[in-house]
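Below is one structure, written out as structure tokens, with a few remarks after it.
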Amino acid sequence: MSDNPVFDRIKAEVNESDVVLFMKGTPVFPQCGFSNAVVQVLTYLGVPFKGIDVLADDDIRQGIKEFSDWPTIPQLYVKGEFVGGCDIVREMFEQGELRDYLAAKGIETQAA
């Protein structure tokens, strides 16, 4: 455990699930367009993921930015590794790299 309990909570979340999306809102009801875009990409690929609503917890909302050293939300983690935010995820998806990345990490996707 670290000296930062919020970081400990974040580490536990990203280690507990293979694919975790820190987002505004929930996968069923995203609260911003960027979060919605990443949800749509993951849903399209058929990737099961855990959504964590940063709007429900201010400590997580601020802590995730410091944890990843990334200033924006949403943030996607795969197998405990930070992938990126909306622009990176969307770009990887459009170039076909996201499916390959997920496969390399052992995450199954659905054929589209």
Inset, instruction - Say whether, by atom type as modelled, one donor and one acceptor occur between the side chain of Ser17 and the main chain of Val20 under 3.5 angstrom. - result: no
Legend entry - Asn15 (side chain) donor-acceptor with Lys11 (main chain) under 3.5 angstrom: yes
Legend entry - Point-to-point distance, once rounded to the nearest 0.5 Å, from CD of Gln110 to OH of Tyr44: 12.0 Å
Legend entry - Results of side-chain hydrogen bond (donor to acceptor under 3.5 Å, both in side chains) for Lys50 - residues two or more places apart only: Glu13, Glu16
Legend entry - Derivation and outcome, side-chain contact (heavy atoms from CB on, under 4.5 Å), residues Arg99 and Met92: CA-CA 8 Å; Arg99 188 182 301 271; Met92 287 176 73; over 6 Å; no
Inset, instruction - Measure the CD1-CG distance between Ile60 and Leu55 for me, rounded to the nearest 0.5 Å. - result: 12.5 Å
Inset, instruction - Determine, stepwise, if the pair Arg9 / Asp59 fulfils side-chain contact (heavy atoms from CB on, under 4.5 Å). - result: CA-CA 10 Å; Arg9 286 173 50 206; Asp59 289 339; 4.3 Å; yes
Legend entry - Non-neighbouring partners of Thr72 that pass side-chain hydrogen bond (donor to acceptor under 3.5 Å, both in side chains), sequence neighbours left out: Trp70
Inset, instruction - Sequence neighbours left out, what passes side-chain hydrogen bond (donor to acceptor under 3.5 Å, both in side chains) with Ser68? Give chain and number order. - result: Gln75
Inset, instruction - Determine, step by step, whether Leu21 and Val39 satisfy the side-chain contact (heavy atoms from CB on, under 4.5 Å) criterion, reporting the C-alpha distance in whole Å, the side-chain angles of both residues, the deciding distance to 0.1 Å, and the verdict. - result: CA-CA 8 Å; Leu21 179 63; Val39 167; 3.9 Å; yes
Inset, instruction - Can you establish whether the number of heavy atoms outside Gln31 located under 6.0 Å from its atom CD is more than 12? - result: yes
Legend entry - Pair Phe82 and Phe67, ring centroids less than 6.0 Å apart: no
Legend entry - Nearest-0.5 Å distance, NZ of residue Lys65 to CG of residue Asp69: 12.5 Å
Inset, instruction - Can you measure from CZ (Phe29) to CG (Asn36) and round to the nearest 0.5 angstrom? - result: 10.0 Å
Inset, instruction - Compare all side-chain heavy atoms of Ile52 with those of Met23 and state whether any distance is below 4.5 angstrom. - result: no
Legend entry - Positive for side chain to side chain contact (heavy atoms under 4.5 Å, CB included) with Val19, one of Ile107, Leu45, Val14: Ile107
Inset, instruction - Report yes if some heavy atom in the side chain of Leu76 is under 4.5 Å from a heavy atom in the side chain of Leu42; otherwise report no. - result: yes
Inset, instruction - State, with a plain yes or no, whether a side-chain heavy atom of Tyr77 is found less than 4.5 Å away from one of Val83. - result: no
Legend entry - Ile73 side chain near Phe34 side chain, heavy-atom distance below 4.5 Å: no
Inset, instruction - For the residue pair Phe22 and Pro74, establish whether any side-chain heavy-atom pair is separated by less than 4.5 Å. - result: no
Inset, instruction - Calculate, to the nearest 0.5 Å, the distance between atoms CD and CG belonging to Glu66 and Asn4 respectively. - result: 7.0 Å
Inset, instruction - Determine whether Lys79 and Glu81 make a side-chain contact, defined as any pair of heavy atoms from C-beta on separated by less than 4.5 Å. - result: no
Legend entry - Point-to-point distance, once rounded to the nearest 0.5 Å, from CD1 of Ile64 to CG of Asp57: 11.0 Å
Legend entry - Student check: side-chain heavy atoms of Lys24 and Arg61 closer than 4.5 Å: yes
Inset, instruction - Write down the atom of Ala37, the atom of Cys86, and the distance for their closest heavy-atom approach. - result: CB-SG, 3.8 Å
